Amino acid sequence: MAFRFRLGAASLLVGLLVADTQLALAQMAPVPQPTSQTRGVFGGATGRNEQSSSVVVSAAEAYDSNVLGEQGPTQSLLQESGFYTELNAGLTLRAGKQKLQFSTAAGTDFRYYAPAGEVFGIGHYGNAGLTYHSSTSTTIAVDGGVAYAPSYLYRLFNTLAPPTLGEANIGGAYAVLDNPSFRYDARASVAKKISSRNTLTFRTGGSYTDFLHNDILYGGLPQRDLATFEAAAQFSRIINRDLSLNAGYTYRRAEYYSGVFPTEHNVSFGGDYTRLLSKTRRSHLKFNVSTAMLDAAAPGDPLGILRQQQQFAADVSFSRQFARTWQAQGGYNRSFGFIEGLTTPIFSDGVNVATSGLLSRRVDLSASAAYSVGTPVVFAQNRGFTTYTADVRTRMALNETYALYLEYLYYYYDFSRTLVPIGFPPQMARSSVRAGITLWFPLPRS
């Protein structure tokens, strides 16, 4: 317990120190602000200051109703129904000049279960990224970070947008098993504009998940560390003011540290379409279709013989701004995946939808839902998993700095016998309710 407190405090302190140092060295880039008629009273409300630097602190009383598919002794308080107190804090910083921009984020999340007298560190993270425009035609971006979290299965849900430099997601609401890990990420990319219409982009990156308790056996099996590596190249061409097309190749490799090293080759074609609806609103459609080939061992194969599987893959996302403060987005993803806690690659289909906006100047609302279904590779006829979630959150501003909030989250998963994550119950249905207060503090520009 003491270790978790020290780790969380250290993560947040490092993030704050980095923020102070960078603010002293760089000027904040100007951020367009909504008009006073359309922005919310609360400074952190939807549609306002999305690119600014700030510290956000939230405290809430919460209740989880956890229903296991098979009743039996639970392995963690995270699997039991009950009340708890949650405290989390996060920092976001964006600074820089025209040629060099810096982004960083740090945060921590704790829960206190009063009946058991125990404190859990649900997640702590620190990320940073740099974007450097070395010339008018070349942009270099690097970012990386570390996260401490006991949540993995939320990665089964596809995201609606690529990760933003300096941001992290630890998925604390989806924690089921108290077997924490350190996850390390690093990425780099170079985009070169080779003509007025054509751009060539190279990117590479990797991640490593290190389970802290590999020596603890769940059902006679230990948790396995996971490392992934990716390298890709993409060519894009502007067709007109609204449309650009692209083609690319991606190589991915995973190491399960159990003698299995699957590799993926992906050749894709896609496009990016943006339509301006007004000076401040637009619709955006992005799509990619590809042929993905995976060389992987069959689940449970002691020889680890790689077998080839080819699948059609696709990724489509759509967003639209409407009214004065509202936006809606949705996406579909069909792809191979390497997920911590699962001992084999999976092939999945996932759908996400979300909307957010202001009900009034004092009240904002956000809602999202996601669904994913998948199977282990090679033996695709075996039933794999089904999971879905929904989240609704509303905030009422007391003033620019303080807001009360109420949130409801539902989370469900069902794994087949051949794919149950090590140490997890095969089924889970969770209803969570949180009521609390959020404090938003903008960081001053230097």
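What you see is a predicted model; the values in this text were computed from it and never measured.
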Novice: Side chains of S207 and T228 only: does a donor on one sit below 3.5 Å from an acceptor on the other?
Specialist: yes
Novice: Under a 3.5 Å threshold, yes or no: a donor from one side chain and an acceptor from the other, between S53 and R94?
Specialist: no
Novice: Would you mind reporting whether P262 and F338 have side-chain heavy atoms less than 4.5 Å apart?
Specialist: yes
Novice: I'd like to know if the side chain of Q309 pairs up with that of Q311 as donor and acceptor (distance under 3.5 Å, no hydrogens or angles considered).
Specialist: yes
Novice: Distance from S54 atom OG to L439 atom CG, nearest 0.5 Å?
Specialist: 12.0 Å
Novice: Atom OG in S290, atom CZ in F269: separation rounded to 0.5 Å?
Specialist: 12.5 Å
Novice: Less than 4.5 Å apart, side chain to side chain, heavy atoms only: is that true for V176 and L78?
Specialist: no
Novice: Is there a side-chain contact between T108 and L87 (heavy atoms, below 4.5 Å)?
Specialist: no
Novice: Apply the test side chain to side chain contact (heavy atoms under 4.5 Å, CB included) to residues R434 and Y84: give CA-CA distance (whole Å), side-chain angles for both, the deciding distance (0.1 Å), then the verdict.
Specialist: CA-CA 10 Å; R434 291 174 174 81; Y84 58 89; 3.1 Å; yes
Novice: Which heavy atom in T344 sits nearest to a heavy atom in P376, and how many Å separate them?
Specialist: CG2-CB, 3.9 Å
Novice: Does R430 use its side chain to pair, donor to acceptor, with the backbone of A173 at less than 3.5 Å?
Specialist: yes
Novice: Looking only at side-chain N and O atoms, does Y251 offer a donor or acceptor that is under 3.5 Å from a partner on T263?
Specialist: no
Novice: Pair T92, L443 - check side chain to side chain contact (heavy atoms under 4.5 Å, CB included), show working.
Specialist: CA-CA 9 Å; T92 301; L443 296 179; over 6 Å; no
Novice: Looking only at non-hydrogen atoms, find the nearest pair between Y410 and S431 and report the distance.
Specialist: CD1-OG, 3.4 Å
Novice: Would you mind reporting whether L285 and V316 have side-chain heavy atoms less than 4.5 Å apart?
Specialist: yes
Novice: When you measure from the side chain of T209 to the backbone of E340, do you find a donor-acceptor pair of N or O atoms at a distance under 3.5 Å?
Specialist: no
Novice: Please check if the side chain of S372 supplies one atom and the backbone of L156 the other of a donor-acceptor pair under 3.5 Å.
Specialist: yes
Novice: Could you pull out all residues at least two apart from S236 that satisfy side chain to side chain contact (heavy atoms under 4.5 Å, CB included)?
Specialist: T199, N246
Novice: Report yes or no: do D64 and S432 form a side-chain donor-acceptor pair below 3.5 Å?
Specialist: yes
Novice: What is the distance from atom CZ of R155 to atom CD1 of I339, rounded to the nearest 0.5 Å?
Specialist: 7.5 Å
Novice: Testing the basics here: between L358 and T325, what is the closest heavy-atom pair and its distance to 0.1 Å?
Specialist: N-OG1, 3.2 Å
Novice: Please name the pair of heavy atoms, one in G172 and one in I122, separated by the smallest distance, quoted to 0.1 Å.
Specialist: CA-CG2, 3.3 Å
Novice: Has T355 got a side-chain atom pairing as donor or acceptor with Q327's backbone, closer than 3.5 angstrom?
Specialist: yes
Novice: Are any non-hydrogen side-chain atoms of N333 and N352 less than 4.5 angstrom apart?
Specialist: no
Novice: Give a yes or no on whether the backbone of Y412 and the side-chain of T387 come within a donor-acceptor separation of less than 3.5 Å.
Specialist: yes
Novice: Any chance you could measure S317, atom OG, to H284, atom NE2, to the nearest 0.5 Å?
Specialist: 6.5 Å
Novice: Between D295 and F261, is there a side-chain heavy-atom distance shorter than 4.5 Å?
Specialist: no
Novice: So, do I140 and L130 sit near enough that their side-chain heavy atoms are less than 4.5 Å apart?
Specialist: no
Novice: Quick one, Q79 and F424 - any side-chain contact, counting heavy atoms below 4.5 Å?
Specialist: no
Novice: Mind listing the closest non-hydrogen atom pair of S268 and N288 along with its distance?
Specialist: OG-OD1, 4.4 Å
Novice: Verify side chain to side chain contact (heavy atoms under 4.5 Å, CB included) between T204 and F229, making sure each step is shown before the conclusion.
Specialist: CA-CA 8 Å; T204 186; F229 170 78; 3.4 Å; yes
Novice: Which residue, Y113, F110, Y112, forms the ring-ring contact (aromatic ring centres under 6.0 Å, His included) with F120?
Specialist: Y113
Novice: So for atom CE, which belongs to M293, do other residues, nucleotides or ligands contribute more than 12 heavy atoms lying within a distance under 6.0 Å?
Specialist: yes
Novice: Say whether, by atom type as modelled, one donor and one acceptor occur between the side chain of E61 and the main chain of A435 under 3.5 angstrom.
Specialist: no
Novice: Looking at every non-hydrogen atom in both residues, tell me the closest pair between F157 and Y388 and how far apart they are.
Specialist: CE2-CA, 3.8 Å
Novice: Please round to the nearest 0.5 Å and tell me the distance separating atom CD of E264 and atom CG of L294.
Specialist: 6.0 Å
Novice: So, for F385 and Y413, is the gap between ring centers shorter than 6.0 Å?
Specialist: no
Novice: Quick check against the 3.5 Å criterion: does R362 have a side-chain atom that pairs as donor or acceptor with the backbone of A397?
Specialist: yes
Novice: Can D391 and R393 be counted as an ion pair, charged N to O under 4.0 angstrom?
Specialist: no
Novice: For F312, does its backbone N or O pair with a side-chain atom of R334 as donor and acceptor, under 3.5 Å?
Specialist: yes
Novice: Strictly distance-based, threshold 3.5 Å: is any side-chain N or O of S81 a donor or acceptor partner for the main-chain N or O of N66?
Specialist: yes
Novice: Between Y184 and Y208, what is the ring plane arrangement, given parallel below 30°, perpendicular above 60°, and tilted in between?
Specialist: parallel
Novice: Measure the spacing between OG of S366 and CH2 of W326 and express it to the nearest 0.5 Å.
Specialist: 8.5 Å
Novice: Answer yes or no: is there a donor N or O on one side and an acceptor on the other, between the side chain of Q427 and the main chain of D414, under 3.5 Å?
Specialist: no
Novice: Can you name the side-chain hydrogen bond (donor to acceptor under 3.5 Å, both in side chains) partners of T389, sequence neighbours left out?
Specialist: Y174
Novice: Evaluate the criterion side chain to side chain contact (heavy atoms under 4.5 Å, CB included) for residue pair F42 and M396; output intermediate values, then yes/no.
Specialist: CA-CA 8 Å; F42 180 56; M396 184 180 71; over 6 Å; no
Novice: For the OH atom on Y63, are there more than 12 heavy atoms of other groups (residues, nucleotides or ligands in this structure) within a distance under 6.0 Å?
Specialist: yes
